[in-house]
Amino acid sequence: MLKLAPSILSADFVNLERDVRALGPAGADYVHVDVMDGVFVPNITIGIPVVAALKKISPLPLDVHLMIDRPIRYVEDFCKAGADILTLHVESDFPANTRAALEKIRALGVVPAVSVKPNTRAEAVLPFLELCGLILVMTVEPGFGGQSFMEDMMPKLRTLREWIDARNPGCELEVDGGVNERTGKLCAENGANVLVAGSAWFKSPDPAEFCKKLKA
Ligand code: DX5
Ligand code: ZN
């Protein structure tokens, strides 16, 4: 069953509670929260207090995507704030620190996950595959919503689907960036089972219908 994770980066921050409460009834499965530090990516968004606030009002699990430098420094805070899935970028630290961070996340009862940027090869995920409950493939350069989908990431997605099926079949495979009705279907055909959608979800005149079409 395909899952949808709307990215609140495209929500109305003045009415964040309203927008987040509307996700479940429209058919969403997770709330995707994009955390950016202005170092790992050239943009700054939200952090630990906002995750803690969302935890109080969101009936859906929080899928927290850390686009920050050396995330091991903050994983405990994000877990304690209420992340249900916590994703790190493999490019954001040395492999030994990434492993230690993932182990820490798991020990705190949260689902550990890693993400790869478009220029990072699928192989970079391999050392962490058995440790993770979700792998995230970026289909845009991380940093901003509303960018165009990179169709050339589909072979990477297929490769990761094969490796997940062979080595860690319970692991989810998520895509993030430029997902709309057409590109979302393409991702599902190529092995993704979780789709992040920011602008396509929040700009849709009828998110429930958008969600239904993707899941059909
Ligand atoms: C980009 C973020 C995405 C972003 C997706 O760095 O990780 O989650 O919000 O936005 P859209 O769906 O508009 O590309
Ligand atoms: Zn994201």
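Keep in mind that the numbers below use all heavy atoms, side chains included, and drop hydrogens, waters and symmetry copies. We count ligands from 1, going down the list as the structure has it; atoms in each ligand are counted the same way.
Atoms of ligand 1 lying under 4.0 Å from any heavy atom of H32, numbered from 1 in the order shown and given with element: 8 (O). Ligand-side atoms of ligand 1 in range of P142: 6 (O), range being under 4.0 angstrom from any heavy atom. Counting atoms of ligand 1 from 1 in the listed order, those under 4.0 Å from a heavy atom of M67 are 6 (O), 7 (O). Close approach of ligand 1 to D34 (heavy-atom distance below 4.0 Å) involves ligand atoms 2 (C), 3 (C), 4 (C), 7 (O), 8 (O), 9 (O). Residue-ligand proximity, L9 to ligand 1, at heavy-atom distances under 4.0 Å covers atoms 9 (O). Near M36, the atoms of ligand 1 lying under 4.0 angstrom from a non-hydrogen atom of the residue are 6 (O). The H65 neighbourhood of ligand 1 comprises atoms 7 (O), with distances under 4.0 Å to a heavy atom of that residue. For ligand 1, the atoms lying closer than 4.0 Å to a non-hydrogen atom of G177 are 14 (O).
Residue A192 comes nearest to V175 through the heavy atom pair CB-CG1, 4.0 Å, listed as atom of the first residue, atom of the second, then distance. The minimum heavy-atom distance linking C132 with R106 is given by the pair C-NH2, 4.0 Å. Taking both residues in full, the closest heavy atoms of F149 and G177 are given as CD1-O, 3.3 Å, listed atom of the first, atom of the second, then distance.
The single protein non-hydrogen atom nearest to atom 13 (O) of ligand 1 is S199 OG, 2.4 Å, given as residue, atom name and distance. The protein heavy-atom contact nearest to atom 9 (O) of ligand 1 is S7 OG, 2.8 Å. Nearest protein neighbour of atom 14 (O) of ligand 1, counting heavy atoms only, is G178 N, 2.8 Å. Closest protein heavy atom to atom 3 (C) of ligand 1: D176 OD1, 2.9 Å. Closest to atom 6 (O) of ligand 1, if we only count protein heavy atoms, is G143 N, 2.7 Å.
Counting heavy atoms under 4.0 Å from ligand 1, residue F144 touches it through the backbone alone. Contact annotation for A197 and ligand 1: only backbone heavy atoms (N, CA, C, O) come within less than 4.0 Å of the ligand.
At least one N or O atom of G146, backbone or side chain, sits closer than 3.5 Å to an N or O atom of ligand 1. Every N/O-N/O distance between S10 and ligand 1 stays at or above 3.5 Å.
Draw a line from the Zn ion (ligand 2) to OD2 of D176 and another to ND1 of H65, and the angle between them is 90° (to 10°).
The option from G198, P6, A200, G145 that lies nearest to atom 12 (O) of ligand 1, judged by heavy atoms, is G198.
I85 and F78 are assigned to two separate hydrophobic clusters, defined by single-linkage of ILVMFWY side chains at heavy-atom distances under 4.5 Å. Cluster annotation: L88 and I135 are assigned to the same hydrophobic cluster (Ile/Leu/Val/Met/Phe/Trp/Tyr, side-chain heavy-atom contacts under 4.5 Å, transitive).
Taking the Zn ion (ligand 2) as reference, the nearest N/O/S atom within D34 carries the name OD1.
Ring geometry, H89 versus F40: the interplanar angle falls from 30° to 60°, so the pair is classed tilted.
Of the possible donor and acceptor atoms, none in the side chain of K55 sits under 3.5 Å from a partner among the backbone N and O of V50.
Remark: R73 CZ is packed, more than 12 non-hydrogen atoms of other residues, nucleotides or ligands lying under 6.0 Å away.
A donor-acceptor pair shorter than 3.5 Å cannot be found between the side chains of S92 and D69. A side-chain N or O of E172 and one of N193 form a donor-acceptor pair less than 3.5 Å apart.
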Item to complete: Take D63 and K3, measure what salt bridge (Lys or Arg N to Asp or Glu O under 4.0 Å) needs, and give me the verdict at the end.
Response: CA-CA 12 Å; D63 168 29; K3 294 181 181 174; over 6 Å; no
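Interatomic distance, CD1 of I105 versus CG of L66, reported as 7.5 Å (0.5 Å rounding).
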